[in-house]
Amino acid sequence: MEAPAAARNPAETELTVTSPEQMRDLGRRLAELLRAGDLVMLSGELGAGKTTLTRGLGEGLGVRGAVTSPTFVIARVHPSLRGGPPLVHVDAYRLGGGLDEMEDLDLDVSLPESVIVVEWGEGKVEELTEERLQVRIHRAVGDTTDEVRRVTVTGLGHRWASADLSGLAA
Ligand SMILES: Nc1ncnc2c1ncn2[C@@H]1O[C@H](COP(=O)(O)OP(=O)(O)OP(=O)(O)O)[C@@H](O)[C@H]1O
Ligand SMILES: [Mg+2]
């Protein structure tokens with residue numbers, strides 16, 4: 001039996017991704033939903049595919065420069081090549097738990113004009129905005145190829161309350 005509409009969470013979707021290429025494609029589809037002011041929080045263990053997803057996102061947004069795992073840089077700005085919002089890619093892995101270093105990045109200043117994607121941002125970026133898209137990536141249990149990922153996308157706050165995320169599964 002189908003749950004009543006009110007009981008369903010319209011801003012959450014779960015999908016399975018079976019290769020890095022598919023993860024990149026998911027990033028491209030995700031980009032279509034994003035606009036300036038959006039914050040995307042990516043979680044998942046080391047090597048889960050957060051940067052791979054962000055690469056597709058950058059392609060979908062049409063920004064300059066390849067998205068990589070920064071060695072020394074914590075935040076990198078990729079300007080749009082077509083008049084859209086820049087992508088700010090943050091890898092907070094090396095940031096301490098405190099909010100001070102995070103504040104030095106002035107993400108609150110850039111957020112209104114940018115799409116900000118943060119890896120390892122839990123406990124660090126939540127105070128930027130209550131409206132955010134959370135993407136959780138998990139390795140599938142028992143996957144011998146180590147290429148299968150379960151991805152849960154959840155929209156939080158007013159911005160995502162009526163968003164239709166079902167198209168991400170395409
Ligand atoms: N389904 C998949 N989706 C994404 N990456 C995959 C998948 N299957 C295998 N991989 C591989 O896993 C690795 C993911 O690396 P990636 O840098 O994207 O992870 P990450 O979550 O950003 O890691 P880190 O926490 O170190 O930043 C890549 O080598 C990629 O080729
Ligand atoms: Mg990464």
Side-chain angles (χ1 to χ4, degrees), residues 12-34 38-81 85-107 110-111 114-129 132-156 160 165-170:
E12 176 157 292
T13 194
E14 246 188 270
L15 40 139
T16 302
V17 166
T18 58
S19 68
E21 292 72 30
Q22 276 192 20
M23 189 63 88
R24 218 159 145 163
D25 285 346
L26 175 61
R28 288 199 199 95
R29 291 197 298 278
L30 201 55
E32 288 169 26
L33 301 178
L34 298 175
D38 284 340
L39 173 70
V40 181
M41 238 176 80
L42 301 180
S43 64
E45 67 223 84
L46 284 167
K50 302 180 290 298
T51 301
T52 304
L53 180 83
T54 309
R55 198 164 289 144
L57 232 158
E59 289 164 2
L61 289 174
V63 298
R64 194 173 73 205
V67 170
T68 56
S69 301
T71 311
F72 301 108
V73 191
I74 288 161
R76 181 172 284 164
V77 181
H78 298 267
S80 174
L81 292 168
L87 169 66
V88 180
H89 176 212
V90 181
D91 190 331
Y93 187 66
R94 284 164 209 85
L95 280 187
L99 291 164
D100 296 6
E101 286 175 89
M102 206 72 201
E103 274 168 17
D104 284 346
L105 298 176
D106 285 334
L107 295 179
S110 41
L111 182 59
S114 316
V115 169
I116 301 187
V117 177
V118 187
E119 300 184 38
W120 299 105
E122 293 84 355
K124 295 170 185 164
V125 291
E126 286 86 349
E127 70 174 28
L128 263 182
T129 169
R132 59 184 185 269
L133 204 59
Q134 262 171 212
V135 181
R136 296 195 201 84
I137 308 174
H138 295 287
R139 284 193 165 83
V141 179
D143 164 39
T144 49
T145 64
D146 194 30
E147 294 224 323
V148 183
R149 305 286 190 267
R150 290 293 294 161
V151 183
T152 310
V153 184
T154 313
L156 301 180
W160 298 101
L165 303 176
S166 59
L168 292 176

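This structure is a prediction, so every number in the text was calculated from the model and none was measured. Atoms within each ligand, like the ligands themselves, are counted from 1 in listed order.
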Practice problem: List the steps, then state whether side-chain contact (heavy atoms from CB on, under 4.5 Å) holds for L33 with L168. | Solution: CA-CA 9 Å; L33 301 178; L168 292 176; 4.0 Å; yes
Quiz prompt | Identity and separation of the nearest protein heavy atom to atom 19 (O) of ligand 1 | solution = G49 N, 3.2 Å
Quiz item: Which one of R24, M23, K50 has a non-hydrogen atom at the shortest distance from atom 24 (P) of ligand 1?
Solution: K50
Practice problem: Can you spot which of R55, E119, R76 makes a side chain to side chain donor-acceptor pair (under 3.5 Å) with H89? | Solution: E119
Self-check item: Region of W120 engaging ligand 1 - heavy atom pairs below 4.0 Å
Solution: side chain
Practice problem: State whether the side chain of K50 and the backbone N or O of M41 hold a donor-acceptor pair below 3.5 Å, judged by distance alone. | Solution: no
Exercise. For ligand 1, find out whether one of its N or O atoms is nearer than 3.5 Å to an N or O atom of G44.
Key: no
Self-check item: Atom pair CZ/OG1 of R136 and T154 - distance to nearest 0.5 Å
Solution: 4.5 Å
Quiz prompt | E147 side chain to T18 side chain, donor-acceptor N/O pair below 3.5 angstrom | solution = no
Practice problem: Using heavy-atom distances, let me know which of E21, R55, R149, Q22 sits nearest atom 10 (N) of ligand 1. | Solution: R149
Quiz item: Does the pair H78 and L61 meet the rule for a side-chain contact (heavy atoms from CB on, under 4.5 Å), with working shown?
Solution: CA-CA 10 Å; H78 298 267; L61 289 174; over 6 Å; no
Quiz item: Do any protein N, O or S atoms sit under 2.8 Å from the Mg ion (ligand 2), and which ones are they?
Solution: T51 OG1, E119 OE1
Practice problem: Would you check whether T18 has a nitrogen or oxygen atom less than 3.5 angstrom from a nitrogen or oxygen atom of ligand 1? | Solution: no
Practice problem: Please step through side-chain contact (heavy atoms from CB on, under 4.5 Å) for the pair R149 and H138, ending with a clear verdict. | Solution: CA-CA 5 Å; R149 305 286 190 267; H138 295 287; over 6 Å; no
Exercise. Apply side-chain contact (heavy atoms from CB on, under 4.5 Å) to V88 and L105, showing your working.
Key: CA-CA 10 Å; V88 180; L105 298 176; over 6 Å; no
Quiz prompt | Which residue and heavy atom of the protein sit nearest atom 27 (O) of ligand 1, plus the separation | solution = E119 OE1, 3.1 Å
Quiz item: Of all the non-hydrogen atoms in the protein, which one sits nearest to atom 31 (O) of ligand 1, and at what distance?
Solution: P20 CG, 3.4 Å
Quiz item: Does the protein put any heavy atom within less than 4.0 Å of atom 29 (O) of ligand 1?
Solution: no
Quiz item: If we only count N/O pairs under 3.5 Å, is G47 in contact with ligand 1?
Solution: yes
Exercise. Give yes if a backbone or side-chain nitrogen or oxygen of V148 is under 3.5 Å from a nitrogen or oxygen of ligand 1, and no if not.
Key: no
Practice problem: Around atom 17 (O) of ligand 1, find the nearest protein heavy atom and jot down its residue, atom name and distance. | Solution: T51 CB, 3.6 Å
Quiz item: What is the distance from atom CG of L165 to atom CD of E14, rounded to the nearest 0.5 Å?
Solution: 12.5 Å
Quiz item: How many angstroms lie between CG in D38 and CD1 in I116, if you round to the nearest 0.5 Å?
Solution: 10.0 Å
Exercise. For atom 26 (O) of ligand 1, find the nearest protein heavy atom and state the residue, atom name and distance (0.1 Å precision).
Key: L46 CD2, 3.4 Å
Quiz item: Quick one: which ligand 1 atoms are inside 4.0 Å of a heavy atom on D146?
Solution: 8 (N), 9 (C)
Practice problem: Rounded to the nearest 0.5 Å, what's the gap from CG on D91 to OG on S69? Could you check? | Solution: 6.5 Å
Quiz item: Between E147 and ligand 1, which residue portion shows a heavy-atom distance shorter than 4.0 Å: side chain, backbone, both, or neither?
Solution: both
Quiz item: To the nearest 0.5 Å, how far apart are CG in L26 and OG1 in T52?
Solution: 11.0 Å
Practice problem: Please could you name the atoms of ligand 1 that T52 approaches to less than 4.0 Å, counting only its heavy atoms? | Solution: 5 (N), 14 (C), 15 (O), 16 (P), 18 (O)
Quiz item: When rounded to the nearest 0.5 angstrom, what distance separates CG in L128 from CD in E103?
Solution: 9.5 Å
Quiz item: Is K124 reaching over with its side chain to a backbone N or O of M102, donor-acceptor style, under 3.5 angstrom?
Solution: no
